[in-house]
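If you're wondering where the values come from, they're calculated on a predicted model, not measured in any experiment. Just so you know, residue 1 is the first one in the sequence shown, and it goes up from there. The figures that follow rest on heavy atoms only: side chains count, while hydrogens, waters and symmetry mates do not.
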Amino acid sequence: MTSGVRRMGAGERRARLAVRHRLAASARAGAVTEVAEDLIGLHGTDPASVYLAVWARTAGVGSTAIDHDLYEARGLVRMLGMRRTMFVVPAGVAPVMQAACTDEIALRLRRGLAGRLQEAGVAEDAAGWLKEVCDGTVAALTELGSATGAELSKAEPRLATEIVYAEGKSYGGATRISSQVLMLLSAEGRIVRGRPRGGWTSSQFQWHLPEAWLGSQDKDGYPPAGEARVELARRWLKTFGPAPVADLQWWTGWTGAQTKAALARLSITEVDLDGAPGVVLAGDEDAEQAGEPWAALLPALDPTAMGWRDKTWFVGEHATRLFDRSGNIGPTVWWDGRVVGGWAQRKDGEITFGLLEDVGSEGRAAIEERAERLGEWLGPVRVTPRFRTPLERELTG
């Protein structure tokens with residue numbers, strides 16, 4: 001690193017994480033939307049993770065309050081975002097994410113599905129046929145008002161069309177295109193997920209037209225893609241910085257050129273991350289004070305744990321026990337800014353945890369207290385991560 005560059009090591013990054021990710025006891029939020037705003041978005045691939053991520057960062061906000069913000073006040077939107085990942089984001093952030101990431105994802109989804117349909121011989125003009133199916137699905141939803149995927153497939157029978165994927169592979173087979181079409185339409189902003197059928201761990205969502213679910217939608221008011229990427233980069237640096245530029249590129253799913261262009265329009269400062277180059281927003285170099293040591297139990301795919309490509313500064317040598325083979329992190333136990341183990345819920349509802357290093361008597365007591373509180377908060381609800389990891393499986397044995 002260049003002499004004179006400000007050093008911001010792992011300890012300082014962990015202190016920032018404690019405060020800006022609402023994990024230290026003194027930094028916990030008072031409302032669901034505060035958590036989502038400060039983290040830019042909550043990972044929503046596993047529906048339960050949204051609720052557990054909010055619980056970890058608030059003073060006991062209940063699932064009813066989270067339901068209210070999601071499905072009654074509708075201050076949060078469930079949408080496809082960075083790296084083609086499902087997020088729950090504040091309604092005000094949704095246009096930025098759409099323009100910065102989701103519009104390009106939608107283009108790739110449409111090209112890919114049209115190509116698979118063409119290869120399968122579904123229609124002579126597969127792209128035109130797909131457009132008709134998409135328009136027919138939106139028309140059906142307009143008539144129904146709201147509907148599940150199964151109900152839309154009855155109203156638009158072409159959604160039941162099957163194509164074969166991974167032919168000749170043990171994991172391959174025929175699949176209906178309905179889920180792919182619905183994902184495409186949601187990425188294009190033509191439909192939106194509403195309340196799920198069942199409890200808050202369910203992933204069977206009702207679909208709505210955006211204007212019916214969120215009110216009037218002025219797409220002309222959305223920022224241009226370049227401006228949206230600048231704003232998203234600014235938000236990410238405020239929440240996740242300082243960090244290597246490669247981490248921003250990974251988190252967003254942008255190209256190197258897009259990442260470089262976004263940063264060029266921001267005022268940033270180069271810093272030394274324990275010998276590695278990083279960047280931080282200019283004027284945001286002051287150290288955070290996290291206060292007393294803190295414990296946290298974060299869910300699988302938590303936005304903090306998935307906020308950086310390089311996680312060694314808080315995961316250490318524990319990755320093989322905590323991640324699945326696709327890079328999805330399971331439920332984690334944190335002590336004062338580092339991942340020190342994992343947790344799971346047994347069939348009887350007990351929250352159990354396994355530590356991968358010694359945290360001392362104070363750390364263990366704090367972790368036990370959080371585990372007890374989580375068990376009380378969950379009550380009769382049972383949570384199994386969508387992506388199972390080695391330690392989580394061991395704990396549920």
Looking at the rings of H21 and W308, which for Trp means the six-membered one, are their centres under 6.0 Å apart?
-> yes
Quick one: do E231 and R234 make a salt bridge, cutoff under 4.0 Å?
-> yes
A123: side-chain contact (heavy atoms from CB on, under 4.5 Å) partners, not counting sequence neighbours | W129
Who are the side-chain contact (heavy atoms from CB on, under 4.5 Å) partners of A155, not counting sequence neighbours?
-> A140, L144
Is there a donor-acceptor pair under 3.5 Å between the side chain of W213 and the backbone N or O of R74?
-> no
Determine yes or no for a side-chain-to-main-chain donor-acceptor pair under 3.5 angstrom, with W335 supplying the side chain and A296 the backbone.
-> no
Tell me, which pairs form a salt bridge (charged side-chain N to carboxylate O under 4.0 Å, His left out) where one or both residues lie in [range], sequence neighbours left out?
| range | answer |
| --- | --- |
| residues 289-313 | R57-D302 |
| residues 113-124 | none |
| residues 61-72 | E72-R195 |
| residues 328-346 | R338-E357, R346-E350 |

Once side-chain hydrogen bond (donor to acceptor under 3.5 Å, both in side chains) is applied, do any residues pair with [X], and if so which ones, sequence neighbours excluded?
| X | result |
| --- | --- |
| R78 | Y71 |
| D284 | R16, R20 |
| N328 | D324 |
| R325 | none |

Going by the angle between their ring planes, with limits at 30° and 60°, are F314 and W334 parallel, tilted or perpendicular?
-> parallel
How far apart are the C-alpha atoms of R6 and E270, what are their side-chain angles, what is the distance that settles it, and do they pass the salt bridge (Lys or Arg N to Asp or Glu O under 4.0 Å) test?
-> CA-CA 8 Å; R6 164 88 152 83; E270 293 185 0; over 6 Å; no
Aromatic W313 / basic R14 pairing, under 6.0 angstrom, 45° off normal = no
For E156 and T137, the nearest pair of non-hydrogen atoms, with its separation, is CG-OG1, 3.7 Å
Could you tabulate the donor-acceptor pairs under 3.5 Å formed by side-chain atoms of residues 38-46, not counting sequence neighbours?
unit_1, atom_1, unit_2, atom_2, d
D38, OD2, R22, NE, 2.7
D38, OD2, R22, NH2, 3.0
D46, OD1, A48, N, 3.4
D46, OD2, R386, N, 2.8

Which pairs would a plain distance check flag for residues 94-108, meaning a side-chain donor or acceptor within less than 3.5 Å of a matching protein atom at least two apart in sequence or in another chain?
unit_1, atom_1, unit_2, atom_2, d
Q98, NE2, D103, OD1, 2.8
Q98, NE2, A187, O, 2.8
T102, OG1, L80, O, 2.7
T102, OG1, M97, O, 3.4
E104, OE2, Q258, NE2, 2.9

Donor + acceptor pair across side chains of Q206, S146 (<3.5 Å) | yes
Q345 and T384 side chains, donor-acceptor separation under 3.5 Å | no
